[in-house]
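Keep in mind it's a predicted model, so treat the numbers as computed, not measured. Chain naming here is simple, since letters A, B, ... match the order of the sequence lines and numbering starts at 1 in each.
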Amino acid sequence: MVRTRFAPSPTGYLHIGGVRTALFNWLFARRHGGQFLLRIDDTDQERNVEAALAPILHGFRWLGLDWDEGPEVGGPYAPYYQSQRLPAYQRAVDKLLAGGFAYRDFATPEELQTERETAQAEKRPFLYSRRWMAETPEDAQRFEREGRSGVVRLRMPREGTLRLKDLVRGEVDFDWAREQDHVIQRADGTCLYHLASVVDDFDFRITHVIRAEEHLSNTARQVFIAQSLGYALPEYAHLPYVAEPGSKNKLSKRKLDKYLKNRDFALVNEHGLAIAQALGLATTADTFNPVIVDFYEQVGYLPDAIINYLMLLGWSLDDKTEFFSRQQMIDNFSLERVTKAPASFDPKKLWSFQDHYMQQLPLDEKVERTLAFLVRAGLVAEPVSADARQKLAGIVQAAGDRIKVSGDILAYADFFFTDNFSYEPDALDKRLRKPGAAELLEKFRDRMKTVEPFEIGPLEAAMHEFLAAENIKIGDIIHALRVAVTGKSVGPGIYDCLALLGRDRCLARIDRALKLVRS
RNA sequence: GGCCCCGUCGUCUAGCCAGGUCUAGGACACAGGCCUUUCACGCCUGCAACACGGGUUCGAAUCCCGUCGGGGUCACCA
C-alpha cells in the first residue's frame, strides 16, 4: 500500500512550487491506488494556525488535489497537526536518549558559536565537541545548578558512510562525519522538524517520502533518527526544485521584485492585476502574484491548466504528449521519468496551457464561469434570469478565444452591460476626430435605422452596400464605428457587437460619441 | 569555503542506462507571412541547443576522466 504525504506549514498562502511537490505526491499515490495525506508542520507556529491554513486547504481543493487523511477530513492516525503530537515526539526523544542515540546538552548558544568560529578560523569543518554533553543525570544536575538549560541532541556517528537509494537520483552517499549533532528538542520541550517529521512519517505509515531537493541533505540525519528508533525506512524521492523564470535559482516569493523584471512574468502579473482591479479586489504584491496559487483562482484560470502545466515541470511522458486529463496523468505518472535538473517556472507557458483548456471548455461552462466574474464586478445583478444567461452566451461566443481566463470577460465585454462605459485613451482622437470620420459614421448611423432584422448577416450586407455607395473601404469606417459603440479599439467582431447590443443602444452610443467629438 | 546535486534551443523537454537510424525531435516564447482592414484564434515559414577539453571506439549528445559553469545545503526554521 502506497502512502504519500505533503506537509505544508501554515503560512497563509499556497506557493506554486509547493503545489508541484504536492501534485507529484498525489499523482504517485493515485497511480498506485494508495493514499495521499496532508500533515501540518506547525511545530514552529504560535497562533492562528487555522487562519493561516485555510487558504492552503482551499487552494488544494480548488486544484482538485484531494487528500485522504489530514485536516478537515481526519483519518485513522489523527491528529495530523504536529503541534498536537507532542506526546509521540516525547516518547521518541526518550527512546533515543535511553538508547544512547541522543544526549542532553547544556552548551549555551554563545559557546557553540565560539566553537563554530574557531573551526572556521582553522578551516576545518565544524563538529560540536560535546563538551557540555550530560553523560549522567548527575552531570545534568550539575549543569542545571550552573544555571544552564538543556536541549536534546542527536549523537551522530562520526565515521562511515550511508548509502541511500533515491528514486529520482539513484544512489546517494552521505559521510556521517559531516553530520552535526542536531538539536531535536528545545529546552522548553518542543521538538524540531527532523524528529517530528520522521516520527510522523512512521506513525502515519508513509511509504514514500517525495519532497523537494533541498531536503536531500537532511536525509542522512532523518535516516539516523529512524534507524535508531527501529523504524523501517520509507523510500525517498527528491524532486528538483522549481526555479525562477529564466534562471536556475530556487523560486521564492521573496524575490518578486526581481521576477517582475522578467517580461513574461510581468505581463502575466499585470494582466491579473487589471482583472483584480476591475473586481475591486484589494491586493498587495505580497499576496497576489503569479507565484501564489490564489492569484490564478482570483483571475479565473482553470485548475486543469495549472495542474497540467505543473506536471510537466520536471516530468515528461515522451517527446510529444503535452495534454493530459487527470486520469491520463494518473495512469502515466512515474518517478523514473522525473528530471534531475531544476525547471524554471515559465508563466507564458502556463498561459498557453490556460489558453488551450479555455478553448476546450464547453460554452455553457464558460458562461457560468464568466458570469461569476460579472456578478463579482457588479455588472450583472443576481439572481440571473434565463434571458440574461442566454444573452451572455451570445456575448461569450462572440468574444470567443479572446477570453483566456474567466476574468477576461470584464475586459472584452463590459460595454455590453453598461451604457456608461469610458473610451479607451486616444481612441476618439485617433478614430473619430479624423477628417471625415464623424460624417461617415453619422451616415452609416442613418443606414442602420433600416437594417431588418438587426442581425449579423443584414448588418454586414448593409455595410457592404454602404461602402459601395460611398466608394470607401471598410477600414475608413469600421474603426470609428467600433470605438463609438464599444469604447475600445479591439474586441469581438463588429457585427456581433452591433447585433448583440441591438439597434437602439447602437444608435444612442453613436450619438453619444459624435456629440463628444463635436463639442 | 566544506559537502552534495545538476549541466541538450531563451524556456519546458525527447534522446543518454542498452554508442550508429540525431545534418539532435516536439512544445512555449520570439521573428516573418497567410487569414481577418480590430484584437484573438488558426495555418505556414524561420531563428535557435548537445558547457568545454581530453580519452575509449570504425563511430559519442550518449561510455570514462578532467575543467568550467550553475544551484542546493551547512539553525534551538520547516
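Remark: aromatic rings of A:Phe204 and A:Tyr80 are close, center separation under 6.0 Å.
Between B:C16 and B:G25, the two C1' atoms lie 15 Å apart (nearest whole Å). As rounded to the nearest Å, B:G42 and B:C5 have C1' atoms that lie 43 Å from one another. Taking the P atoms as reference points, B:C44 lies 12 Å from B:G26, given to the whole Å. Spacing between B:C64 and B:G1 at atom C1', rounded to whole Å, works out to 29 Å. Taking the C1' atom of each, B:G53 and B:C58 are spaced 23 Å apart, rounded to whole Å. Nucleotides B:C50 and B:U23 place their C1' atoms 14 Å apart, quoted to the nearest Å. The same atom, C1', is picked in B:A27 and in B:A49; the two are 15 Å apart, to the nearest Å. Comparing the C1' positions of B:A60 and B:G54 gives an interatomic distance of 13 Å, to the nearest angstrom.
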I need a per-nucleotide contact map over nucleotides 37-47 of chain B, read 5' to 3'. Cutoff is protein heavy atoms under 4.0 Å; write B for the base, S for backbone only, - otherwise. BBBSS------
Under 4.0 Å protein heavy-atom contact, by nucleotide of nucleotides 28-36 of chain B - B base, S sugar-phosphate only: SSS------
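Using Watson-Crick or G-U wobble geometry with both donor-acceptor distances under 3.5 Å, B:C35 finds no partner in any strand shown. Across all strands shown, nothing is found opposite B:G19 as a Watson-Crick or G-U wobble partner with both distances under 3.5 Å. Summarising the base pairing, B:C68 is matched to B:G7 through a Watson-Crick or G-U wobble pair whose two defining distances lie under 3.5 Å. Summarising the base pairing, B:U73 is matched to B:G2 through a Watson-Crick or G-U wobble pair whose two defining distances lie under 3.5 Å. A 3.5 Å limit on both hydrogen-bonding distances identifies B:G46 as the Watson-Crick or G-U partner of B:C30.
For the pair A:Gln354 CD and B:A27 P, the computed distance is 21 Å after rounding to whole Å. When the P atom of B:C5 is taken as reference, atom CD of A:Glu171 falls 12 Å away, rounded to whole Å. Rounded to a whole Å, the CE atom of A:Met311 is 12 Å from the P atom of B:U13. In this structure, A:Asn308 atom CG and B:C12 atom P are separated by 17 Å, rounded to whole Å. In this structure, A:Phe353 places its CZ atom 11 Å from C1' of B:U13, rounding to the nearest Å. Rounded to an integer number of Å, the gap from A:Arg5 CZ to B:A78 C1' is 11 Å. Put simply, CD on A:Glu336 is 14 Å from P on B:A14, counting in whole angstrom units.
At the heavy-atom level, A:Arg337 lies under 4.0 Å from the strands shown only through sugar-phosphate atoms. A:Thr339 comes within 4.0 angstrom of sugar-phosphate atoms only, judged by non-hydrogen atoms across all strands, and of no base. At the heavy-atom level, A:Arg169 lies under 4.0 Å from the strands shown only through sugar-phosphate atoms.
Pairs passing the ring pair (Phe, Tyr, Trp, His ring centres under 6.0 Å) check and including a residue from residues 473-501 of chain A, sequence neighbours excluded, do not occur. Applying the side chain to side chain donor-acceptor pair (under 3.5 Å) rule to pairs touching residues 13-23 of chain A yields nothing, sequence neighbours excluded.
Ion pair A:Arg148/A:Glu111 flagged as a salt bridge, since at least one NZ, NE, NH1 or NH2 atom sits closer than 4.0 Å to an Asp/Glu carboxylate oxygen. Of the charged side-chain nitrogens involved, at least one lies within less than 4.0 Å of a carboxylate oxygen, so that A:Arg5 and A:Asp201 count as a salt-bridged pair. Using a 4.0 Å cut-off between charged side-chain N and carboxylate O, A:Asp264 and A:Lys348 make a salt bridge.
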Could you give the side-chain donor-acceptor pairs of residues 460-472 of chain A under 3.5 Å, partners two or more places apart or in another chain?
from: A:Glu465; atom 1: OE1; to: A:Arg447; atom 2: NH2; distance (Å): 2.8
from: A:Glu470; atom 1: OE1; to: A:Lys443; atom 2: NZ; distance (Å): 3.2

For nucleotides 72-76 of chain B, list the nitrogen or oxygen atoms of the protein found under 3.5 Å from its nitrogen or oxygen atoms, one pair per line.
from: B:U73; atom 1: OP1; to: A:Lys250; atom 2: NZ; distance (Å): 3.3
from: B:U73; atom 1: O2'; to: A:Ser217; atom 2: OG; distance (Å): 3.2

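Here CZ of A:Phe323 is found 13.0 Å from OH of A:Tyr309. Values are rounded to the nearest 0.5 Å.
For the residue pair A:Arg211/A:His238, the side-chain donor-acceptor check at 3.5 Å is satisfied. For A:Asp105 and A:Tyr128, the side-chain atoms include at least one donor-acceptor pair closer than 3.5 Å. Donor-acceptor pairing under 3.5 Å is lacking for the side chains of A:Arg482 and A:Thr486.
Within a 6.0 Å sphere centred on CZ of A:Arg124, heavy atoms belonging to other residues, nucleotides or ligands number more than 12.
For A:Ser197, no side-chain nitrogen or oxygen approaches OP1 or OP2 of B:A78 to under 4.0 Å.
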Run the side-chain contact (heavy atoms from CB on, under 4.5 Å) check on A:Phe101 and A:Arg155 step by step: do they pass? CA-CA 5 Å; A:Phe101 302 109; A:Arg155 186 177 198 142; 5.7 Å; no
